[in-house]
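Side chains included, hydrogens not; waters and symmetry mates left out as well; all remaining heavy atoms used.
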Amino acid sequence: MQHDKKPSDSHQSAGQSPHQSVDHGSRERPSQDTQRHGAATQAQGAASERDPLVKAVRQRRARHAQWQREGDLSVGRRLAQIGVLGWIVITPTLAGLYTGRWLDERAGTALFWSAPLMMAGVCLGGWSAWKWMNAR
């Protein structure tokens, strides 16, 4: 462990005259400017955590790193994803249409329930597909 010495002691112990200068810059404490810069950097880091642009850039960097590690998806895997997306959209649509037709038969109406429930199914399927795609 190094003890702090007076500058005159270190000059004389090294065999130098007290009038010669020695650079002690690397052993000194950080200056106030450096400390302020560190505090400013921490404040920016905390503010950047809430910034959506910073989040988007970090997410893109992570996706790019994953792509570099794993490479592109195969054709079969891409077709499977398209198939999953199709089922995610079409299943609620058909469920809404089936339920609407069943209600129309029971109530004796033509398309009173079929059209709105089918559109609700399309909306639900689109929302589900969007959530699924953003989760990937």
Arg61 meets the side-chain contact (heavy atoms from CB on, under 4.5 Å) criterion, sequence neighbours left out, with Val57
Residues at least two apart in sequence or cross-chain that pass side-chain hydrogen bond (donor to acceptor under 3.5 Å, both in side chains) with Gln68, listed by chain then number, are His64
When every non-hydrogen atom of Gly125 is compared with those of Pro92, the smallest separation belongs to CA-CG, 3.7 Å
Heavy-atom nearest pair, Ala129 first then Leu85, reads CB-CD2, 3.8 Å
For Trp102, the ring-ring contact (aromatic ring centres under 6.0 Å, His included) test, sequence neighbours excluded, returns none
Note: with side-chain heavy atoms under 4.5 Å as the link, the other cluster members for Trp87 come out as Ile90, Leu94
Residues joined to Leu124 in its hydrophobic cluster, side chain to side chain under 4.5 Å directly or through other members, sorted by chain and number, are Trp127, Trp130
In this structure, CD1 of Ile88 is separated from NZ of Lys131 (nearest 0.5 Å) by 12.5 Å
Kindly list each side-chain donor-acceptor pair under 3.5 angstrom involving residues 105-123, sequence neighbours excluded, with atom names and distances?
| from | atom 1 | to | atom 2 | distance (Å) |
| --- | --- | --- | --- | --- |
| Thr109 | OG1 | Asp104 | OD1 | 2.6 |
| Ser114 | OG | Gly100 | O | 3.4 |
| Ser114 | OG | Arg101 | N | 3.3 |
| Ser114 | OG | Asp104 | OD2 | 2.6 |

Should we say atom CZ of Arg69 is surrounded by more than 12 heavy atoms from elsewhere, each under 6.0 Å from it? yes
